[in-house]
Amino acid sequence: MTVRTRFAPSPTGYLHIGGARTALFNFLFARHHGGQYLLRIEDTDRARSTPEAVRQILDSLEWLGLSPDEPPVMQTAQEARHAEVARQLLAEGKAYQCFCTPEELAEMRETAMKEGRPPRYDGRWRDRDPAEAPAGVKPVIRIKAPRGGETVIRDLVQGEVRVQNTELDDMIILRSDGTPTYLHAVVVDDHDMAITHVIRGDDHLTNTFRQVMVYDAMGWRRPHFAHIPLIHGADGAKLSKRHGAVGALEFRDQGFLPEAVCNYLLRLGWGHGDEEFVPRDRAIALFDLKDVGRAASRMDYAKLTHLNAQYLRQMDADAVTGRVLEILRRQGPLPHGAATTIRALMPDIQPRARTLLEAASMCGFAIASIPLTFEPKAQAQLNDEAKARLLDLAEFLSEAPWERADLDKWLRDYAEVKEMKLGAVAQPLRAALTGSTQSPPIDAVLFALGRDEALARMRAAAGA
RNA sequence: GUCCCCAUCGUCUAGAGGCCUAGGACACCAGCCUUUCACGUUGGUAACACGGGUUCGAAUCCCGUUGGGGACGCCA
């Protein structure tokens, strides 16, 4: 049987990083086994589901390279089928109508809690004749939970987990308005979609015992389950906005590469020896649920950033240039020749930048125009002596062949002739050319800027 | 409250009874490299939550404690 997995988010908000990892694991598992990876939008909560959220989830997955192999299944589109299954169970006596009001149920939970019992429905309509139904109450359909014994699931990550059936109650599968509940819809859809492996967050682990009731009542074969641990914020609490970026697209906007995000997410909870750098193909080859840990992990932005730097470094320079240009363009129109200058700089930017945003920021000086804005430290470099030196140096360099290696040599020669340390020449020059005390190597900067612009900046900084 | 899950450096992890004086990565500190900043490189600080067992031998197995997380909805 071919492996089929699915990622099943509910469109009530943006796709956060935890969901992204669940999608990734589903994707990797399916790919590893040559199977299919699907997407189902769980929009049965009509009040909270929005088309914008659906759009964002799709966009997020696309950015991450985790688009599904088949068109997404919208859960609400299957409602007739969900109801049909519920009615079948009702007809077979495996489910029944319950006429309790929400108030009645709330009260039931409250007293149970107060008396130290688990808050469960007491099954008061399980064997009662529907003819006794109070007038005006629309019933829900509840499934008959097993009485006595225990339910066991063999989870591919969590191992064997068992629960006493007294912990389960007759859960609602069809609401009084005829729509299915999540616990019911999930099972019907997973069955109908022929899902073989349900890989999801371990917050669903205890719910699995309820879902299993539907599989068993319908006589359906249960899929394999794999409940992966959740991701927490740096403080160990559930991941939320206050922990910084959590939305998948936020990472994109902060200049992270999808490859790096996926690699980082993979390493959160999954390991293969000492391997840290695991690009997609390698991940597909290695991924196995048995290597997924059971403990929750914490989001560490520093490590993500480091991984991102590695991916950025090995990326094609033209590609990075393109991305940097995009970012820069958003901040304003680019001067003529910006693309050429930045492309020339790129090999020296890549090992220095950790994100695309940093890379763009490092290229800022390249698209600046005279007069440059000088950082205080750079300004301090430009004292009278330095200014005079810059004019002299500009004169000297005007004769130089404009190639990097030559520029480097000419600078060294200049320093030697003037009996100066190279740094004493380079730092004021750096300030003059970039407005900063930090930049790519000065010969690279000179070369990228081009003779005219470089000399002009030197003379401008000298106040000439 | 009840049930379920979890527990190795600050963080992510390796570790499936002797290979562990507990390894790697990020972060941090120091040195080297160097025209700045990075990259690179060398070294360093730093962990088996606690208590009982089992065993010749336990980070690894069992029990308990503590601590964390999750689930208990006509939400998903």
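Here the structure is a predicted model, which means the values were calculated and not measured. Quick note on labels: first sequence line is chain A, next is B, and so on, each numbered from 1.
- Taking only side-chain nitrogens and oxygens, A:R412 comes nearer than 4.0 Å to OP1 or OP2 of B:rU35.
- Under the 6.0 Å distance and 45° angle rule, A:R21 counts as a cation-pi partner of A:F25.
- Nearer the 5' end of RNA chain B, as judged by each residue's closest nucleotide, is the contact made by A:A295, out of A:A302 and A:A295.
- Listed by residue number, the members of residues 426-444 of chain A with any heavy atom below 4.0 angstrom from RNA chain B are A:A426, A:Q427, A:R430, A:T437, A:Q438, A:S439, A:P440, A:P441, A:I442, A:D443.
- Applying the 4.0 Å criterion to OP1 and OP2 of B:rG40, one finds that A:R313 has a side-chain N or O inside that range.
- Looking at heavy-atom distances under 4.0 Å, A:D203 makes contact with sugar-phosphate atoms alone, never a base.
- In this structure, the separation between CG on A:L64 and CD on A:E259 is 9.5 Å, given to the nearest 0.5 Å.
- Within 4.0 Å of A:G269, counting heavy atoms only, lie sugar-phosphate atoms of the nucleic acid but no base atom.
- Within 4.0 Å (heavy atoms only), A:R109 reaches sugar-phosphate atoms of the nucleic acid but no base atom.
- Not one N or O on the side chain of A:Y414 forms a donor-acceptor pair closer than 3.5 Å with the backbone of A:K409.
- Closest-nucleotide positions on RNA chain B for A:R46 and A:R294 were compared, and the one nearer the 5' end corresponds to A:R294.
- Remark: side-chain polar atoms of A:D202 are not paired, donor with acceptor, to backbone N or O of A:H227 under 3.5 angstrom.
- For the salt bridge (Lys or Arg N to Asp or Glu O under 4.0 Å) with A:E167, the qualifying choice from A:R120, A:R210, A:R162 is A:R120, the only one to do so.
- Base pairing of B:rA22 is not made with any nucleotide, judged by Watson-Crick or G-U wobble geometry with both donor-acceptor distances under 3.5 Å.
- Within 4.0 Å of A:T44, counting heavy atoms only, lie sugar-phosphate atoms of the nucleic acid but no base atom.
- Residue A:Q158 is in sugar-phosphate contact alone, with no base atom involved, counting any heavy-atom pair closer than 4.0 Å across all strands shown.
- Note on A:T206: every side-chain N or O is 4.0 Å or more away from OP1 and OP2 of B:rC3.
- Contacts with RNA chain B (heavy atom under 4.0 Å) in residues 173-183 of chain A: A:R175, A:S176, A:T181, A:Y182, listed by number.
- Both tests pass for A:R142 against the ring of A:Y121: distance under 6.0 Å to the centre and angle within 45° of the axis.
- Among the nucleotides B:rC74, B:rC75, B:rU11, the one closest to the side chain of A:V140 is B:rC74.
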